[in-house]
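Below is one structure, written out as C-alpha coordinates; comments come after it.
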Amino acid sequence: MPAAGLARRIGLFDATMIVMGGIVGSGIFVTPADVARSAGSPALILGAWVVGGVAALLGAFVYAELSSARPEVGGQYAYLREAVHPLAAFLYGWALLLVIQTGGMAATAIAFARYFRELLPIPLGEGAVAAAAVGALTVINCLGVRAGSTAQSALMVLKICALAALIGAGLLFGGAAPSSGAPGSATGFGAALIPVLFAYGGWQTACFVAGEMKDPRRDLPRALLLGVLGVIALYTLVAFVCLRTLGADGLARSSAPALEVMTRTLGRRGALAIAAGISLSTLGFLSQSILTAPRVYFAMAEDGLFFRAVARVHPRTRAPILAIALQGALAIAIALAGTFEAITRYVVSMDFVFFALTAACIFIFRRRGVRGTFAMPGHPATTGAFIAICAAVVLSTWRADPVHALAGLGITLAGIPAFFVWRSRSAARTDLQS
(Lines give C-alpha, C1' and ligand atoms only; values in the text may rest on other atoms or scores of the structure.)
Protein backbone atom coordinates (compact mmCIF):
# COMPACT_ATOMS: atom_id res chain seq x y z
CA MET A 1 0.00 0.00 0.00
CA PRO A 2 1.24 3.53 -0.66
CA ALA A 3 2.66 5.37 2.29
CA ALA A 4 0.18 7.66 4.03
CA GLY A 5 0.92 11.34 3.71
CA LEU A 6 3.00 11.27 0.53
CA ALA A 7 1.50 13.08 -2.46
CA ARG A 8 1.08 11.41 -5.86
CA ARG A 9 2.33 14.16 -8.17
CA ILE A 10 4.80 12.46 -10.55
CA GLY A 11 3.67 11.66 -14.10
CA LEU A 12 5.23 9.62 -16.92
CA PHE A 13 7.51 12.37 -18.27
CA ASP A 14 8.96 13.25 -14.88
CA ALA A 15 9.35 9.54 -14.06
CA THR A 16 11.27 8.99 -17.31
CA MET A 17 13.52 11.95 -16.53
CA ILE A 18 14.13 10.48 -13.06
CA VAL A 19 15.19 7.16 -14.63
CA MET A 20 17.57 8.88 -17.04
CA GLY A 21 18.82 11.25 -14.35
CA GLY A 22 19.73 8.32 -12.14
CA ILE A 23 21.94 6.89 -14.88
CA VAL A 24 23.56 9.89 -16.58
CA GLY A 25 26.15 11.60 -14.40
CA SER A 26 29.61 12.89 -15.23
CA GLY A 27 31.02 9.42 -16.01
CA ILE A 28 29.93 9.26 -19.66
CA PHE A 29 32.15 12.26 -20.40
CA VAL A 30 35.30 10.36 -19.34
CA THR A 31 34.43 6.63 -19.30
CA PRO A 32 34.83 6.08 -23.09
CA ALA A 33 38.60 6.42 -22.62
CA ASP A 34 38.68 3.74 -19.91
CA VAL A 35 36.68 1.42 -22.15
CA ALA A 36 39.02 2.05 -25.09
CA ARG A 37 42.09 1.24 -23.02
CA SER A 38 40.65 -2.13 -22.02
CA ALA A 39 38.80 -3.18 -25.20
CA GLY A 40 41.42 -2.10 -27.74
CA SER A 41 39.77 -2.52 -31.13
CA PRO A 42 37.01 -0.17 -32.38
CA ALA A 43 34.53 -3.04 -32.77
CA LEU A 44 35.02 -4.18 -29.18
CA ILE A 45 34.86 -0.61 -27.87
CA LEU A 46 31.43 -0.04 -29.40
CA GLY A 47 30.43 -3.62 -28.63
CA ALA A 48 31.06 -3.05 -24.93
CA TRP A 49 28.60 -0.14 -24.89
CA VAL A 50 25.98 -2.17 -26.74
CA VAL A 51 26.38 -5.21 -24.46
CA GLY A 52 26.31 -2.96 -21.40
CA GLY A 53 23.13 -1.39 -22.73
CA VAL A 54 21.54 -4.80 -23.16
CA ALA A 55 22.46 -5.64 -19.54
CA ALA A 56 20.92 -2.35 -18.37
CA LEU A 57 17.79 -3.13 -20.37
CA LEU A 58 17.54 -6.54 -18.69
CA GLY A 59 17.79 -4.77 -15.35
CA ALA A 60 15.07 -2.33 -16.39
CA PHE A 61 12.84 -5.28 -17.36
CA VAL A 62 13.45 -6.86 -13.94
CA TYR A 63 12.50 -3.69 -12.06
CA ALA A 64 9.57 -3.04 -14.41
CA GLU A 65 7.94 -6.34 -13.40
CA LEU A 66 8.69 -5.81 -9.72
CA SER A 67 7.42 -2.23 -9.73
CA SER A 68 4.18 -3.17 -11.49
CA ALA A 69 3.59 -5.97 -8.96
CA ARG A 70 4.58 -3.92 -5.91
CA PRO A 71 4.28 -0.18 -6.70
CA GLU A 72 5.26 0.92 -3.21
CA VAL A 73 7.40 3.70 -1.77
CA GLY A 74 10.97 2.53 -1.22
CA GLY A 75 11.21 0.44 -4.39
CA GLN A 76 14.06 -2.01 -4.02
CA TYR A 77 13.76 -1.88 -0.23
CA ALA A 78 10.10 -2.92 -0.44
CA TYR A 79 10.81 -5.80 -2.88
CA LEU A 80 13.52 -7.24 -0.62
CA ARG A 81 11.37 -6.81 2.50
CA GLU A 82 8.42 -8.70 1.06
CA ALA A 83 10.18 -11.36 -0.99
CA VAL A 84 13.31 -12.14 1.05
CA HIS A 85 13.33 -10.80 4.63
CA PRO A 86 13.10 -7.45 6.42
CA LEU A 87 16.78 -7.85 7.40
CA ALA A 88 17.86 -7.96 3.73
CA ALA A 89 15.82 -4.83 3.05
CA PHE A 90 17.24 -3.06 6.09
CA LEU A 91 20.83 -3.87 5.13
CA TYR A 92 20.18 -2.43 1.68
CA GLY A 93 18.81 0.80 3.17
CA TRP A 94 21.65 0.89 5.71
CA ALA A 95 24.31 0.64 2.99
CA LEU A 96 22.43 3.13 0.83
CA LEU A 97 22.39 5.77 3.57
CA LEU A 98 25.89 5.30 4.98
CA VAL A 99 27.89 4.77 1.83
CA ILE A 100 26.28 4.14 -1.55
CA GLN A 101 24.06 7.19 -1.87
CA THR A 102 25.72 9.74 0.40
CA GLY A 103 29.23 8.87 -0.76
CA GLY A 104 28.15 9.01 -4.39
CA MET A 105 26.41 12.34 -3.79
CA ALA A 106 29.54 13.77 -2.19
CA ALA A 107 31.71 12.61 -5.09
CA THR A 108 29.26 14.04 -7.61
CA ALA A 109 29.07 17.34 -5.74
CA ILE A 110 32.86 17.66 -5.75
CA ALA A 111 32.91 16.93 -9.51
CA PHE A 112 30.34 19.70 -9.98
CA ALA A 113 32.42 22.07 -7.87
CA ARG A 114 35.56 21.46 -9.94
CA TYR A 115 33.90 22.29 -13.24
CA PHE A 116 31.85 25.15 -11.76
CA ARG A 117 34.98 26.86 -10.41
CA GLU A 118 36.61 26.59 -13.84
CA LEU A 119 33.63 28.32 -15.44
CA LEU A 120 33.12 30.89 -12.69
CA PRO A 121 36.18 31.48 -10.49
CA ILE A 122 35.00 32.20 -6.96
CA PRO A 123 36.94 32.50 -3.69
CA LEU A 124 35.56 29.25 -2.28
CA GLY A 125 37.12 25.80 -2.03
CA GLU A 126 35.72 22.71 -3.74
CA GLY A 127 34.28 21.38 -0.51
CA ALA A 128 32.38 24.58 0.20
CA VAL A 129 30.92 24.77 -3.32
CA ALA A 130 29.96 21.10 -3.16
CA ALA A 131 28.28 21.58 0.23
CA ALA A 132 26.39 24.61 -1.10
CA ALA A 133 25.12 22.61 -4.08
CA VAL A 134 23.92 19.74 -1.88
CA GLY A 135 22.33 22.19 0.54
CA ALA A 136 20.46 24.11 -2.18
CA LEU A 137 19.06 20.98 -3.83
CA THR A 138 18.13 19.55 -0.43
CA VAL A 139 16.07 22.66 0.33
CA ILE A 140 14.35 22.45 -3.08
CA ASN A 141 13.37 18.83 -2.47
CA CYS A 142 12.07 19.69 1.01
CA LEU A 143 9.54 21.96 -0.71
CA GLY A 144 7.78 18.88 -2.05
CA VAL A 145 8.07 16.12 -4.64
CA ARG A 146 6.58 18.40 -7.30
CA ALA A 147 9.34 20.98 -6.83
CA GLY A 148 12.02 18.29 -6.67
CA SER A 149 10.83 16.41 -9.75
CA THR A 150 10.43 19.65 -11.74
CA ALA A 151 14.01 20.68 -10.92
CA GLN A 152 15.21 17.18 -11.79
CA SER A 153 13.35 17.13 -15.12
CA ALA A 154 14.72 20.55 -16.10
CA LEU A 155 18.29 19.49 -15.30
CA MET A 156 17.85 16.21 -17.18
CA VAL A 157 16.65 18.06 -20.29
CA LEU A 158 19.77 20.26 -20.06
CA LYS A 159 21.92 17.11 -19.72
CA ILE A 160 20.35 15.65 -22.85
CA CYS A 161 21.09 18.92 -24.67
CA ALA A 162 24.74 18.78 -23.53
CA LEU A 163 25.13 15.20 -24.77
CA ALA A 164 23.31 16.07 -28.01
CA ALA A 165 25.73 18.98 -28.55
CA LEU A 166 28.70 16.64 -28.07
CA ILE A 167 27.21 14.12 -30.50
CA GLY A 168 26.32 16.80 -33.04
CA ALA A 169 29.76 18.42 -32.90
CA GLY A 170 31.49 15.07 -33.42
CA LEU A 171 29.25 14.02 -36.30
CA LEU A 172 29.07 17.38 -38.12
CA PHE A 173 32.48 18.95 -37.50
CA GLY A 174 34.79 16.14 -36.45
CA GLY A 175 36.97 14.42 -39.01
CA ALA A 176 37.34 10.67 -39.09
CA ALA A 177 40.59 9.84 -37.28
CA PRO A 178 42.62 6.67 -37.96
CA SER A 179 41.07 4.00 -35.76
CA SER A 180 43.17 0.84 -35.81
CA GLY A 181 43.48 0.32 -32.05
CA ALA A 182 45.19 -2.46 -30.17
CA PRO A 183 44.27 -6.12 -30.77
CA GLY A 184 41.22 -7.02 -28.76
CA SER A 185 40.84 -9.97 -26.42
CA ALA A 186 38.10 -11.62 -24.39
CA THR A 187 39.86 -10.59 -21.19
CA GLY A 188 40.11 -6.97 -22.31
CA PHE A 189 36.47 -6.94 -23.40
CA GLY A 190 35.42 -8.27 -20.00
CA ALA A 191 37.46 -5.57 -18.26
CA ALA A 192 35.86 -2.92 -20.50
CA LEU A 193 32.39 -4.03 -19.46
CA ILE A 194 32.99 -3.13 -15.81
CA PRO A 195 33.10 0.69 -16.25
CA VAL A 196 30.34 0.43 -18.87
CA LEU A 197 28.02 -1.40 -16.47
CA PHE A 198 28.80 1.13 -13.76
CA ALA A 199 28.02 3.96 -16.19
CA TYR A 200 24.65 2.38 -17.01
CA GLY A 201 23.72 1.85 -13.34
CA GLY A 202 21.12 3.87 -11.50
CA TRP A 203 17.83 3.04 -13.25
CA GLN A 204 16.55 1.35 -10.08
CA THR A 205 16.39 4.58 -8.07
CA ALA A 206 13.22 5.67 -9.88
CA CYS A 207 11.41 2.86 -8.07
CA PHE A 208 12.05 4.62 -4.75
CA VAL A 209 9.39 7.23 -5.56
CA ALA A 210 6.72 4.80 -6.78
CA GLY A 211 4.49 5.84 -3.87
CA GLU A 212 4.45 9.40 -5.23
CA MET A 213 3.60 8.58 -8.86
CA LYS A 214 0.12 9.27 -10.17
CA ASP A 215 -0.20 5.79 -11.69
CA PRO A 216 2.87 3.71 -10.75
CA ARG A 217 1.58 0.40 -12.12
CA ARG A 218 1.28 1.95 -15.58
CA ASP A 219 3.89 4.72 -15.62
CA LEU A 220 6.85 3.21 -13.75
CA PRO A 221 7.45 0.23 -16.08
CA ARG A 222 7.09 2.54 -19.09
CA ALA A 223 9.46 5.10 -17.59
CA LEU A 224 12.06 2.43 -16.84
CA LEU A 225 12.06 1.13 -20.40
CA LEU A 226 11.87 4.53 -22.11
CA GLY A 227 14.56 5.97 -19.86
CA VAL A 228 17.03 3.11 -20.29
CA LEU A 229 16.49 2.96 -24.07
CA GLY A 230 17.10 6.71 -24.26
CA VAL A 231 20.35 6.42 -22.30
CA ILE A 232 21.53 3.49 -24.45
CA ALA A 233 21.08 5.64 -27.56
CA LEU A 234 22.90 8.61 -26.00
CA TYR A 235 25.79 6.55 -24.59
CA THR A 236 26.38 4.57 -27.79
CA LEU A 237 26.39 7.73 -29.90
CA VAL A 238 28.78 9.48 -27.50
CA ALA A 239 31.16 6.50 -27.67
CA PHE A 240 30.89 6.52 -31.47
CA VAL A 241 31.72 10.22 -31.89
CA CYS A 242 34.63 9.95 -29.44
CA LEU A 243 35.96 6.98 -31.40
CA ARG A 244 35.37 8.67 -34.77
CA THR A 245 36.99 11.98 -33.79
CA LEU A 246 39.93 10.72 -31.72
CA GLY A 247 40.50 7.23 -33.12
CA ALA A 248 40.88 4.14 -30.94
CA ASP A 249 44.48 4.96 -29.99
CA GLY A 250 43.76 8.63 -29.31
CA LEU A 251 40.69 7.77 -27.28
CA ALA A 252 42.67 5.32 -25.16
CA ARG A 253 45.30 8.00 -24.46
CA SER A 254 42.79 10.74 -23.61
CA SER A 255 42.11 11.75 -20.01
CA ALA A 256 39.06 13.84 -20.94
CA PRO A 257 37.67 12.58 -24.27
CA ALA A 258 34.52 14.72 -24.33
CA LEU A 259 36.55 17.86 -23.67
CA GLU A 260 39.04 16.88 -26.38
CA VAL A 261 36.30 16.19 -28.94
CA MET A 262 34.69 19.59 -28.35
CA THR A 263 38.05 21.38 -28.41
CA ARG A 264 38.98 19.78 -31.73
CA THR A 265 35.63 20.49 -33.34
CA LEU A 266 34.64 23.88 -31.88
CA GLY A 267 37.81 25.23 -30.27
CA ARG A 268 37.87 27.07 -26.94
CA ARG A 269 34.13 27.77 -27.13
CA GLY A 270 33.48 24.08 -27.42
CA ALA A 271 35.65 23.33 -24.40
CA LEU A 272 33.76 25.88 -22.28
CA ALA A 273 30.43 24.54 -23.54
CA ILE A 274 31.20 20.95 -22.59
CA ALA A 275 32.58 22.06 -19.21
CA ALA A 276 29.22 23.73 -18.59
CA GLY A 277 27.48 20.57 -19.80
CA ILE A 278 29.45 18.36 -17.44
CA SER A 279 28.72 20.76 -14.59
CA LEU A 280 24.99 20.59 -15.33
CA SER A 281 25.15 16.83 -15.69
CA THR A 282 26.71 16.35 -12.28
CA LEU A 283 24.20 18.77 -10.75
CA GLY A 284 21.33 16.86 -12.36
CA PHE A 285 22.60 13.52 -11.07
CA LEU A 286 22.92 15.05 -7.62
CA SER A 287 19.36 16.36 -7.81
CA GLN A 288 18.04 12.92 -8.73
CA SER A 289 19.85 11.32 -5.80
CA ILE A 290 18.41 13.82 -3.34
CA LEU A 291 14.91 13.30 -4.75
CA THR A 292 14.77 9.49 -4.74
CA ALA A 293 16.82 7.82 -1.98
CA PRO A 294 15.20 9.48 1.08
CA ARG A 295 12.04 7.51 0.29
CA VAL A 296 13.93 4.37 1.29
CA TYR A 297 14.80 5.78 4.72
CA PHE A 298 11.18 6.95 5.01
CA ALA A 299 9.96 3.38 4.35
CA MET A 300 12.45 1.98 6.88
CA ALA A 301 11.17 4.37 9.54
CA GLU A 302 7.56 3.48 8.74
CA ASP A 303 8.47 -0.17 9.32
CA GLY A 304 9.88 0.75 12.74
CA LEU A 305 13.44 -0.04 11.61
CA PHE A 306 14.80 3.50 11.78
CA PHE A 307 14.26 6.72 13.73
CA ARG A 308 10.48 7.27 13.84
CA ALA A 309 10.90 10.99 13.08
CA VAL A 310 12.26 10.12 9.63
CA ALA A 311 8.78 8.80 8.71
CA ARG A 312 7.15 12.19 9.23
CA VAL A 313 6.01 14.27 6.28
CA HIS A 314 5.56 18.02 6.28
CA PRO A 315 1.83 18.88 6.49
CA ARG A 316 2.02 21.41 3.67
CA THR A 317 4.66 20.11 1.25
CA ARG A 318 3.92 16.44 2.09
CA ALA A 319 7.61 15.66 1.68
CA PRO A 320 9.68 13.50 4.09
CA ILE A 321 11.83 16.48 4.99
CA LEU A 322 13.73 14.81 7.86
CA ALA A 323 14.75 11.91 5.61
CA ILE A 324 15.87 14.37 2.93
CA ALA A 325 17.72 16.56 5.43
CA LEU A 326 19.47 13.59 7.05
CA GLN A 327 20.83 12.38 3.73
CA GLY A 328 21.87 15.90 2.74
CA ALA A 329 23.70 16.47 6.03
CA LEU A 330 25.66 13.22 5.70
CA ALA A 331 26.59 14.00 2.08
CA ILE A 332 27.76 17.50 3.05
CA ALA A 333 29.87 16.08 5.88
CA ILE A 334 31.54 13.58 3.54
CA ALA A 335 32.14 16.25 0.89
CA LEU A 336 33.74 18.61 3.42
CA ALA A 337 35.87 15.79 4.84
CA GLY A 338 37.12 14.92 1.37
CA THR A 339 37.06 11.16 2.02
CA PHE A 340 34.29 10.39 -0.45
CA GLU A 341 36.48 8.83 -3.17
CA ALA A 342 37.51 5.89 -0.99
CA ILE A 343 34.06 5.53 0.55
CA THR A 344 32.27 5.21 -2.79
CA ARG A 345 34.51 2.25 -3.67
CA TYR A 346 33.64 0.39 -0.47
CA VAL A 347 30.26 -0.90 -1.55
CA VAL A 348 30.42 -1.21 -5.32
CA SER A 349 30.40 -4.97 -4.98
CA MET A 350 27.62 -4.85 -2.37
CA ASP A 351 25.47 -2.75 -4.69
CA PHE A 352 25.51 -5.50 -7.30
CA VAL A 353 24.87 -8.16 -4.67
CA PHE A 354 21.62 -6.34 -3.89
CA PHE A 355 20.84 -6.07 -7.62
CA ALA A 356 21.13 -9.84 -7.96
CA LEU A 357 19.12 -10.44 -4.81
CA THR A 358 16.40 -8.09 -6.04
CA ALA A 359 16.21 -9.86 -9.40
CA ALA A 360 15.70 -13.14 -7.54
CA CYS A 361 12.55 -11.59 -6.03
CA ILE A 362 10.81 -12.26 -9.37
CA PHE A 363 11.14 -16.02 -8.82
CA ILE A 364 9.72 -15.67 -5.30
CA PHE A 365 6.82 -13.41 -6.23
CA ARG A 366 5.81 -15.59 -9.18
CA ARG A 367 5.87 -18.70 -7.01
CA ARG A 368 3.48 -16.90 -4.65
CA GLY A 369 1.23 -15.92 -7.54
CA VAL A 370 2.06 -12.21 -7.28
CA ARG A 371 1.92 -10.71 -10.77
CA GLY A 372 1.87 -7.16 -12.08
CA THR A 373 0.84 -5.50 -15.32
CA PHE A 374 4.30 -6.10 -16.85
CA ALA A 375 6.05 -9.46 -17.20
CA MET A 376 9.81 -10.00 -17.60
CA PRO A 377 10.22 -11.16 -21.21
CA GLY A 378 12.10 -14.45 -21.58
CA HIS A 379 11.92 -15.30 -17.88
CA PRO A 380 13.56 -17.31 -16.33
CA ALA A 381 16.47 -17.25 -18.81
CA THR A 382 16.67 -13.46 -19.00
CA THR A 383 16.33 -12.99 -15.24
CA GLY A 384 19.05 -15.60 -14.72
CA ALA A 385 21.27 -13.81 -17.24
CA PHE A 386 20.94 -10.54 -15.33
CA ILE A 387 21.81 -12.27 -12.06
CA ALA A 388 24.86 -13.83 -13.75
CA ILE A 389 25.99 -10.40 -14.97
CA CYS A 390 25.69 -9.03 -11.43
CA ALA A 391 27.71 -11.97 -10.09
CA ALA A 392 30.43 -11.33 -12.67
CA VAL A 393 30.67 -7.66 -11.64
CA VAL A 394 30.93 -8.62 -7.97
CA LEU A 395 33.70 -11.13 -8.67
CA SER A 396 35.57 -8.62 -10.82
CA THR A 397 35.46 -5.92 -8.15
CA TRP A 398 36.67 -8.34 -5.46
CA ARG A 399 39.59 -9.37 -7.68
CA ALA A 400 40.46 -5.77 -8.57
CA ASP A 401 40.10 -4.19 -5.11
CA PRO A 402 39.59 -6.77 -2.33
CA VAL A 403 40.43 -4.31 0.46
CA HIS A 404 37.65 -1.86 -0.38
CA ALA A 405 35.25 -4.69 -1.24
CA LEU A 406 35.86 -6.22 2.19
CA ALA A 407 35.36 -2.83 3.82
CA GLY A 408 32.03 -2.48 2.02
CA LEU A 409 30.97 -5.90 3.24
CA GLY A 410 31.97 -4.98 6.79
CA ILE A 411 30.01 -1.71 6.77
CA THR A 412 26.95 -3.49 5.40
CA LEU A 413 27.11 -6.35 7.92
CA ALA A 414 27.50 -3.83 10.73
CA GLY A 415 23.85 -3.08 10.14
CA ILE A 416 22.80 -6.51 11.46
CA PRO A 417 22.94 -5.58 15.18
CA ALA A 418 21.32 -2.21 14.38
CA PHE A 419 18.43 -4.07 12.73
CA PHE A 420 17.75 -6.20 15.79
CA VAL A 421 17.99 -3.20 18.13
CA TRP A 422 15.43 -1.21 16.13
CA ARG A 423 13.16 -4.23 15.69
CA SER A 424 13.16 -4.92 19.43
CA ARG A 425 12.38 -1.26 20.16
CA SER A 426 9.55 -1.35 17.62
CA ALA A 427 8.12 -4.51 19.18
CA ALA A 428 8.34 -2.98 22.67
CA ARG A 429 6.58 0.17 21.48
CA THR A 430 3.80 -1.96 19.93
CA ASP A 431 3.36 -3.91 23.19
CA LEU A 432 3.03 -0.68 25.18
CA GLN A 433 0.45 0.71 22.78
CA SER A 434 -1.60 -2.48 22.94
For residues [X] and [Y], report the shortest heavy-atom separation together with the two atoms involved.
X	Y	result
Tyr235	Ile23	OH-O, 3.3 Å
Cys361	Tyr79	SG-O, 3.7 Å
Gly93	Met300	CA-SD, 3.6 Å
Val24	Ser281	CG1-OG, 3.9 Å
Val19	Gly227	CG1-CA, 3.9 Å
Ala128	Leu336	N-CD2, 4.2 Å

Just so I know, are the side chains of [X] and [Y] near enough to count as touching, which here means a heavy-atom distance under 4.5 Å?
X	Y	result
Phe298	Phe306	no
Met105	Ile290	yes
Thr16	Leu12	yes
Leu91	Phe419	no
Pro32	Leu243	no
Tyr77	Phe208	no
Phe355	Val393	no
Leu96	Tyr297	yes

Side-chain ([X]) to main-chain ([Y]) donor-acceptor, under 3.5 angstrom:
X	Y	answer
Thr245	Val241	yes
Ser287	Leu283	no
Thr412	Gly408	yes
Ser279	Ala275	no
Thr31	Pro195	no

query: For Thr205, which residues count as a side-chain hydrogen bond (donor to acceptor under 3.5 Å, both in side chains) partner, sequence neighbours excluded?
result: Gln288
query: Can Leu155 and Phe285 be said to form a side chain to side chain contact (heavy atoms under 4.5 Å, CB included), step by step?
result: CA-CA 8 Å; Leu155 288 168; Phe285 184 83; over 6 Å; no
Just verifying a value: how many Å separate [X] [atom1] and [Y] [atom2], rounded to the nearest 0.5 Å?
X	Y	atom1	atom2	result
Gln327	Leu322	CD	CG	13.0 Å
Ile10	Met17	CD1	CE	13.0 Å
Ile332	Thr138	CD1	OG1	6.0 Å
Ile274	Leu166	CD1	CG	4.5 Å
Trp94	Ile411	CH2	CD1	10.0 Å
Leu137	Ile324	CG	CD1	11.5 Å

task: May I have the step-by-step check of side chain to side chain contact (heavy atoms under 4.5 Å, CB included) for Leu171 and Phe240, ending in yes or no?
output: CA-CA 9 Å; Leu171 292 176; Phe240 174 76; 3.7 Å; yes
Would you mind writing out the side-chain donor-acceptor pairs for residues 58-71 within the sub-3.5 Å range, not counting sequence neighbours?
unit_1: Tyr63; atom_1: OH; unit_2: Gln76; atom_2: OE1; d: 3.3
unit_1: Tyr63; atom_1: OH; unit_2: Gln76; atom_2: NE2; d: 3.3
unit_1: Glu65; atom_1: OE1; unit_2: Arg366; atom_2: NH2; d: 2.9
unit_1: Glu65; atom_1: OE1; unit_2: Met376; atom_2: N; d: 2.6
unit_1: Glu65; atom_1: OE2; unit_2: Arg366; atom_2: NE; d: 2.9
unit_1: Ser67; atom_1: OG; unit_2: Tyr63; atom_2: O; d: 2.9
unit_1: Ser67; atom_1: OG; unit_2: Ala64; atom_2: O; d: 3.0
unit_1: Ser68; atom_1: OG; unit_2: Ala64; atom_2: O; d: 3.3
unit_1: Ser68; atom_1: OG; unit_2: Glu65; atom_2: O; d: 2.9
unit_1: Ser68; atom_1: OG; unit_2: Thr373; atom_2: N; d: 3.3
unit_1: Ser68; atom_1: OG; unit_2: Phe374; atom_2: N; d: 3.3
unit_1: Arg70; atom_1: NE; unit_2: Glu82; atom_2: OE1; d: 2.4

task: Step by step, work out the side chain to side chain contact (heavy atoms under 4.5 Å, CB included) result for Trp398 and Leu406.
output: CA-CA 8 Å; Trp398 273 88; Leu406 185 61; 4.0 Å; yes
task: For Arg37, check salt bridge (Lys or Arg N to Asp or Glu O under 4.0 Å) against everything at least two apart and list the hits.
output: Asp34
query: Within a radius of less than 6.0 Å around CZ of Phe363, do more than 12 heavy atoms belonging to other residues, nucleotides or ligands occur?
result: yes
Worked verdict on Phe112 versus Val129 for side chain to side chain contact (heavy atoms under 4.5 Å, CB included): CA-CA 8 Å; Phe112 163 77; Val129 174; 4.2 Å; yes
